[in-house]
Each structure stands twice: as structure tokens, then as C-alpha cells.
Amino acid sequence: MDFTLSAEQAQIRDMVAEFVDEEVVPVASEIDHDDEFPRDLVSEMAELGLMGMPFPEKYGGAGLDYHSYAIGLEEISRASGGLGTVVAAHISLAGNMLYEFGDEDQKQEYLVPLAEGRDIGAFALSEAGAGSDVPAMATTAQKSEAQSASERSSAEQRSADHSSGQSPREDGTAAEKDGDEYVVNGGKLWISNGSVADTITLFAKTDPEAGNEGISSFIVRPEEDDGFIVEGTEEKLGDKGCPTAELRFDDMRLPEDRLIGEEGEGFVQALKTLNGGRITIAARGVGIARAAFEEAREYANEREQFGQPIGEFQSIKHKLADMDTKIQAAKMLMHKAADKKIRGENYIKDAAQAKLYASEISREVANEGIQIHGGYGYTKDFPAERFYRDAKLNEIYEGTSEVLRNTIGDQLLET
């Protein structure tokens with residue numbers, strides 16, 4: 001095994017690191033304090049090709065391999081966890097949905113602006129009652145025009161069956177076929193970039209009786225689609241700068257050509273997309289952990305107590321040693337998963353392990369960073385507390401640690 005970065009990978013790392021140190025680190029605390037979408041920084045990253053890192057050049061991307069993409073996201077997250085989420089949701093989720101499952105017309109019309117950074121993307125899957133349990137998404141899909149008599153009778157029966165429960169709009173996101181359009185009603189929750197996105201990949205049930213096979217995916221254009229409503233954004237512990245929105249759809253009509261793939265393919269599309277996205281959440285975890293470690297190491301060298309730098313005390317040395325060891329292990333898992341993805345091998349377990357471990361060690365390393373800083377680490381005078389707040393999210397989104405352990409266990413039992 002060769003762990004040496006190629007010349008191109010090293011160049012990408014150095015370019016992103018330089019941009020991050022010059023443009024992002026100086027304003028990271030401001031982003032955290034103001035919690036506003038850093039549009040100017042995103043525009044600068046677009047000019048550098050960072051908003052389309054893994055996509056082919058013919059679709060407006062930079063054509064980088066997944067190792068380079070993970071390295072780039074690691075560097076961005078090292079400065080700002082929120083900015084890391086902005087990029088990951090934009091590329092790994094919204095962009096990858098279109099790249100992997102969109103047709104050529106959809107790629108040209110919607111993926112190219114995303115990859116070039118002219119548009120911002122979001123991925124709308126979760127609902128209030130459907131987080132980790134995606135199939136709990138409650139939706140309806142009926143052809144209300146050009147129905148046969150039997151189809152109409154069946155639809156009316158299903159409507160009667162639902163009359164004693166919640167309406168589709170109360171339950172979740174409903175996609176109802178109306179001629180050559182889909183009529184969407186319902187809502188989504190915890191959508192990263194949701195309030196600023198130009199293109200959103202949306203999941204809704206088109207056949208509520210088909211379980212997993214009844215979920216379909218669509219392209220939503222908030223500025224064009226009447227009935228798209230941003231209900232508000234969440235006040236979060238960390239991940240500031242990336243707006244996490246609640247969305248509502250009120251008789252939102254989508255043309256038939258906004259369907260991604262075929263009806264009923266949305267659930268599988270979502271799982272495959274999230275699987276790849278876990279590699280980049282691992283990268284976010286590694287980046288935050290690196291930042292926490294580097295700040296703690298610098299502080300340990302400068303802070304003196306009892307006549308010497310605190311880094312000379314064995315207890316602090318051991319903390320730093322453990323922190324760095326965990327980071328190096330997480331990086332290896334991240335690149336192993338990226339390597340398998342590049343080779344076209346099954347990387348479900350590897351991505352889950354990378355995301356799980358990097359998420360948990362990012363919190364652990366950030367926690368030790370606060371401990372090394374002592375009282376200063378508990379104040380906003382130092383970034384140590386920000387790293388801890390940003391790290392916690394890694395254990396929750398794109399697969400909680402509990403769900404990932406199930407995924408890993410399932411993969412182990414299948415082999």
C-alpha cells in the first residue's frame with residue numbers, strides 16, 4: 001500500500017489549506033457568532049473549483065478523485081464546521097444525486113450550475129416523523145387525470161382508507177400526479193442549505209402502499225416553484241453558517257421531467273447517496289479534530305504553570321499522543337473508504353466505519369482540547385469550545401452512530 005499523496009493531491013491540499021488559512025480562519029469566529037450563510041466565501045470557493053470538486057469537467061466540475069475531495073473538505077472543515085457542511089450537502093448529497101441518477105438533460109440544466117458554484121444545492125429527505133426511519137415518510141401519489149375507471153375506484157378507496165387518520169399534508173411530504181405534473185404537499189425538516197438553495201433534491205412517496213419502493217425523488221427550484229415555503233431555520237448548538245431549514249410545500253407543482261430516474265427508485269437513490277456522503281462527513285470530523293488538536297498543542301507549548309510549559313507534563317503529553325493517534329486512524333479509515341469507492345468496490349461498511357469513528361473521535365479530541373485549555377477552553381476567547389460544538393453534529397446527521405453500528409453489523413453478518 002502506498003500512502004503517499006500524488007503530486008496533484010498534494011497540490012490540491014496545499015491550495016485549499018492556503019485559501020482556508022488566508023480567507024476562512026480569520027473570519028471563522030465571526031461566522032460562528034453571526035450564523036449567517038457565508039455567501040462571499042462560497043463564491044470564492046466556486047472560483048477555485050471547490051464547489052464541484054469530484055464532478056467531471058464536462059459538467060462544470062474540477063474532475064478530482066475522491067481522495068482529493070475528502071482532503072479538500074477536511075481542510076475546509078478545519079477552519080469552519082459550518083462551511084464544511086455547506087460544501088458536503090451541496091456536493092455529496094444534492095450534486096451526487098443528479099450526477100449518479102439524473103438524465104443527461106437534468107445534468108446539463110441543474111448539475112452544471114451546482115458544480116460551477118453558480119447555484120447552491122440541498123438534499124431534502126428528513127421529516128419530523130422520519131429521520132433515521134426514512135420509510136416512515138408519509139406521502140400520497142395519485143393520478144388525478146387520465147385515470148381508468150378501475151384506477152379511479154382504487155384511488156377513491158385509498159382516499160377513504162386514509163380518512164380516519166392524518167391527512168397527507170399533516171403526515172409528511174405528498175407527491176400527487178396531476179396529468180403531466182406532480183403536486184407536492186407536506187414538509188421537510190433539518191435541511192442543510194435549505195433556505196439558500198437554488199436546486200433541491202426532494203424525496204416524496206408516489207405510492208404510499210409500496211413501502212420503500214413507493215419513494216421517488218424530484219428536482220425542486222425554489223425560485224420557480226410556487227408553493228415552496230421556507231418556514232424558518234433552526235437555532236443550533238454548532239454548525240453555524242450553514243442554515244438548517246424547515247421547508248413546507250403547499251400544492252407545489254413539479255413538471256414530470258423533474259422526476260429523477262423512475263418512480264419508486266428514490267429510497268435506493270437516497271441510501272447510495274448517503275453512503276458516499278459519509279466519507280465526506282468523516283472528512284469533516286477529521287478536519288475539526290485536527291483543528292482542536294493543533295490549537296491544544298500550540299496552547300500546551302505556550303501556557304506555563306509550575307515553571308514550565310504544561311506540555312512538559314506527562315498527563316498533557318499523553319492527551320496529545322492519544323488525540324493525534326485517533327486522528328491518524330480516522331484518516332486511514334476515510335481514505336480506505338474513498339479508495340474502495342474509486343475502485344468501484346462495495347464500500348458500504350467502510351464508509352460507515354469511517355464516518356462512525358471520525359465522528360466520535362472528533363468529539364473526543366475536541367473535548368480533550370477544552371481540557372488542555374482549562375478554564376480558557378470553556379470561554380469563547382479561544383476556539384476550543386467551537387470545535388466541540390461543531391464536532392457533536394457528526395454523530396447525528398447522515399446516519400447516527402447507532403444506525404451506523406447497525407449498518408456495519410449487517411454488513412459483517414452478510415459476509
Side-chain angles (χ1 to χ4, degrees), residues 5 8-55 60-64 67-92 94-95 113-122 192-193 195-198 236 238-244 280-281 283-298 362 366 369 380-387 389-391 393-394:
L5 296 182
E8 181 182 27
Q9 290 166 345
Q11 184 179 22
I12 293 298
R13 178 200 60 197
D14 294 344
M15 181 269 288
V16 181
E18 181 179 4
F19 167 77
V20 162
D21 288 333
E22 291 181 357
E23 303 295 335
V24 185
V25 171
V27 298
S29 62
E30 182 180 337
I31 293 172
D32 182 69
H33 179 271
D34 296 344
D35 196 14
E36 295 180 357
F37 181 69
R39 193 171 295 277
D40 290 345
L41 281 177
V42 172
S43 296
E44 290 181 51
M45 290 194 296
E47 293 177 5
L48 294 173
L50 301 182
M51 299 304 288
M53 284 185 272
F55 301 125
L64 302 182
H67 290 298
S68 298
Y69 172 36
I71 290 168
L73 191 59
E74 174 190 332
E75 291 294 337
I76 293 167
S77 302
R78 173 173 63 84
S80 168
L83 192 57
T85 300
V86 167
V87 177
H90 169 86
I91 295 177
S92 301
L114 289 176
E116 292 178 347
R118 291 185 282 119
D119 286 354
I120 300 299
S192 299
N193 296 342
S195 61
V196 297
D198 303 285
K236 301 172 295 183
D239 201 45
K240 303 299 182 69
C242 178
T244 301
T280 48
I281 300 306
R284 181 183 185 271
V286 170
I288 294 171
R290 275 186 54 206
F293 167 73
E294 289 165 8
E295 286 286 339
R297 179 176 58 182
E298 181 178 352
S362 66
K380 291 186 179 292
D381 294 332
F382 287 77
E385 58 84 32
R386 168 164 56 88
F387 300 142
R389 290 186 287 107
D390 283 346
L393 180 61
N394 293 326

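Heavy-atom basis, side chains included; hydrogens, waters and symmetry copies ignored. In this text the structure is predicted, and so the values were computed from the model without any measurement.
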K.L.:
Can you see which heavy atom on A366 is nearest to which on A391, and at what distance?
P.N.:
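Answer, listing the atom of A366 first, then A391: CB-CB, 4.4 Å.
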
K.L.:
List the residues meeting side-chain contact (heavy atoms from CB on, under 4.5 Å) with D198, not counting sequence neighbours, and say none if there are none.
P.N.:
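Residues passing side-chain contact (heavy atoms from CB on, under 4.5 Å) with D198: D119, I120, R221.
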
K.L.:
Of the non-hydrogen atoms in A197 and G121, which two are nearest, and what is the gap between them?
P.N.:
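Minimum heavy-atom contact is CB-C, 4.1 Å.
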
K.L.:
Taking ring pair (Phe, Tyr, Trp, His ring centres under 6.0 Å) as the test, write out the residues that go with F382, two or more places apart.
P.N.:
Y299, H373, Y376

K.L.:
Who passes side-chain contact (heavy atoms from CB on, under 4.5 Å) against D14, sequence neighbours left out?
P.N.:
none

K.L.:
With the side chain counted from C-beta on, respond yes when V25 and V20 share a heavy-atom pair under 4.5 Å apart, and no when they do not.
P.N.:
yes

K.L.:
Tell me the ring pair (Phe, Tyr, Trp, His ring centres under 6.0 Å) pairs involving residues 67-87, sequence neighbours left out?
P.N.:
Y66-Y69, H67-H335

K.L.:
Rounded at 0.5 Å granularity, tell me how far CD in Q11 sits from CD in Q9.
P.N.:
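It is 11.5 Å, given to the nearest 0.5 Å.
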
K.L.:
Got a sec, which residues hit salt bridge (Lys or Arg N to Asp or Glu O under 4.0 Å) with E294, two or more places apart in sequence or on another chain?
P.N.:
R290

K.L.:
Scan the side chains in residues 77-87 for donor-acceptor partners under 3.5 Å anywhere in the protein, sequence neighbours excluded, and list what turns up.
P.N.:
unit_1, atom_1, unit_2, atom_2, d
S77, OG, L73, O, 2.9
R78, NE, E75, OE1, 2.8
R78, NH1, D21, OD1, 3.1
R78, NH2, D21, OD1, 3.3
R78, NH2, E75, OE1, 2.8
S80, OG, L83, N, 3.1
T85, OG1, G81, O, 3.3
T85, OG1, D239, OD1, 2.7
T85, OG1, R284, NE, 3.0
T85, OG1, Y397, OH, 2.9

K.L.:
Applying side-chain contact (heavy atoms from CB on, under 4.5 Å), name anything that partners A28, two or more places apart in sequence or on another chain.
P.N.:
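Once residues adjacent in sequence are excluded, the partners of A28 under the side-chain contact (heavy atoms from CB on, under 4.5 Å) criterion are R386.
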
K.L.:
How far apart are the closest heavy atoms of A289 and S362, and which atoms are they?
P.N.:
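Distance-wise, the nearest heavy atoms are CB-CA, 4.0 Å.
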
K.L.:
Less than 4.5 Å apart, any side-chain heavy atom of S68 and any of M53?
P.N.:
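With C-beta onward as the side chain, the pair stays apart.
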
K.L.:
Just by modelled atom types, is the A122 backbone N or O under 3.5 Å from a matching donor or acceptor in the H90 side chain?
P.N.:
no

K.L.:
If you take all heavy atoms of C242 and N193, which pair is closest and at what distance?
P.N.:
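That closest heavy-atom pairing would be SG-OD1, 3.6 Å.
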
K.L.:
With sequence neighbours left out, write down each residue that passes salt bridge (Lys or Arg N to Asp or Glu O under 4.0 Å) with E116, or none if nothing qualifies.
P.N.:
R118

K.L.:
Could I get the full list of side chain to side chain donor-acceptor pair (under 3.5 Å) partners for R297, not counting sequence neighbours?
P.N.:
none

K.L.:
For A115 and F55, which heavy atoms make the closest approach, and how far apart are they?
P.N.:
CB-CD1, 3.9 Å

K.L.:
Please set out all donor-acceptor pairs under 3.5 angstrom arising from side-chain atoms of residues 36-52, sequence neighbours excluded.
P.N.:
unit_1, atom_1, unit_2, atom_2, d
S43, OG, R39, O, 3.1

K.L.:
Out of curiosity, L393 CG to I281 CD1, how far, rounded to the nearest 0.5 Å?
P.N.:
7.5 Å

K.L.:
Can you name the salt bridge (Lys or Arg N to Asp or Glu O under 4.0 Å) partners of R389, sequence neighbours left out?
P.N.:
D32, E385

K.L.:
List for me each residue that meets side-chain contact (heavy atoms from CB on, under 4.5 Å) alongside E18, sequence neighbours excluded, and say none if there are none.
P.N.:
E22

K.L.:
Decide yes or no for T280 and I91: does some side-chain heavy atom of the first lie under 4.5 Å from some side-chain heavy atom of the second?
P.N.:
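No, too far: nothing below the 4.5 Å cut-off.
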
K.L.:
Tell me whether D390 contacts the main-chain N or O of G238 through its side chain, where contact means a donor paired with an acceptor under 3.5 Å.
P.N.:
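Pair absent, no side-chain N/O of D390 close to backbone of G238.
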
